[in-house]
Amino acid sequence: MHESVDASPAEEFDLVMGKVAHGGYCVARLDGRVVFVRGALPGEKVRVRLTDTSKTSHWFGQVVKVISADPHRVDPPCPVAGVCGGCDFQHVDVNFQRELKRRVITEQLSHVAGITWTGSVETVDGSSDGLGWRTRMQYRSLNGRPALRRHRSHDLVEVPEGGCPIAHPAGRLAGESACRAAEQAIVMVTSCRTEDPEVSVIADGQLVAGGETMTAQVGERRWKVGAGGFWQVHPGAAEALAEAVVSGLDPHQGDEALDLYCGVGLFAGVLADRGVRVRGIEVSRQAVTLARRNVPGGRFTAGRVERVLPRMKAKANLVVLDPPRKGAGKAVVQAVARTSPRVIAHVACDPAALARDVHLFEINGYVPRSIRAFDVFPMTHHVEAVAVLEPKI
């Protein structure tokens, strides 16, 4: 126990780590105060430099020295890991990263939704070493070199020679080129399982390379995606999530489905291919235009789901929703339940939001039949999950 409860940023303390927490941190205590520590593993004794003491309820810190290491600790493959804000777990064996994510999902579902989850975080094609998977990168320029944000900061850190290790190789080369001539650039790679990937570069807000749209493929089906528009950043993610959604929904010929937050129509397309009549809602008008092109038999509406869905007064056998990181929320969950679906597939990119929405669905008469999680963001704390819900018996 330390004598003083007061501390300021840059002070250092030797602390023993508790459990892993949502956000890629481990929980420690300093004079009874919670400290969220980056760069640690549960059970380790480490020296922590405080980075943020502005809150009364908790502080933040960064590992500066490992005193007693966990066996799953490894040397990070990137020299700026722990400084750059892009990766949280490069110091962790890639297999144990999935165990840490499993613990976070389990804790969130238990604490928020009252659910005991015994699943695992599944690997996805192309994730064996956790590197070279990220097909969308947003770079800034620092002295003409690609740079990324530091953790919890607007300051920049230059990516190492050879590029960011988690970036798709084609994106690394494009980022180098773009940042020599622009202050900021977005690099998007698709068709990256082929020998000749498509690369689009948007520099300083202008498309400077590639086309206005790109082609993404899941199985034998292709989708047009706007350059800079939303598509899963892991090359195996869209296929893994689509398979989980379809197998969970078990669609029948002639079913009617709602695809909420539908983007360019990923889930609508795979459902339509199985004889399902689909309707989608998406806030981006550009994405809706492409969804109509990608899924010609579907009907798509541009607007906010929480505003459009209650007005539709629709009935649906199946609903799939893929909300933003904050989750769907009360109004959308209530509107979905009113459509009386046979099955709901909820795709979530945040364990806390997943737990909140699952709890809301339980209040509105739907409980999870299964929850699967996928490691489509290796080296980071992020994880994707698909919850399949059905009416209470």
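Just so it is clear, the structure is predicted and the values come from calculations on it, not from any experiment.
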Is [Y] paired with [X] through a side-chain N to carboxylate O contact shorter than 4.0 Å?
X      : Y      : value
Glu122 : Arg372 : yes
Arg103 : Glu107 : no
Lys45  : Asp14  : no
Lys392 : Glu362 : yes

Hey, are the side chains of [X] and [Y] touching, using non-hydrogen atoms and a 4.5 Å cut-off?
X      : Y      : result
Arg29  : Val34  : yes
Val383 : Val121 : yes
Leu41  : Leu100 : yes

Which atoms form the tightest heavy-atom contact between [X] and [Y], and what is the distance?
X      : Y      : result
Met17  : Ala28  : CE-CB, 3.5 Å
Ala373 : Ile105 : CB-CD1, 3.6 Å
His151 : Tyr25  : NE2-OH, 3.4 Å
Ala385 : Leu354 : CB-CD2, 3.9 Å
Ala268 : Val295 : O-CG1, 4.1 Å

Lys NZ or Arg CZ of Arg33 over Trp59 ring: under 6.0 Å, within 45°: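 Flagged: Arg33 positioned over aromatic ring of Trp59.
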
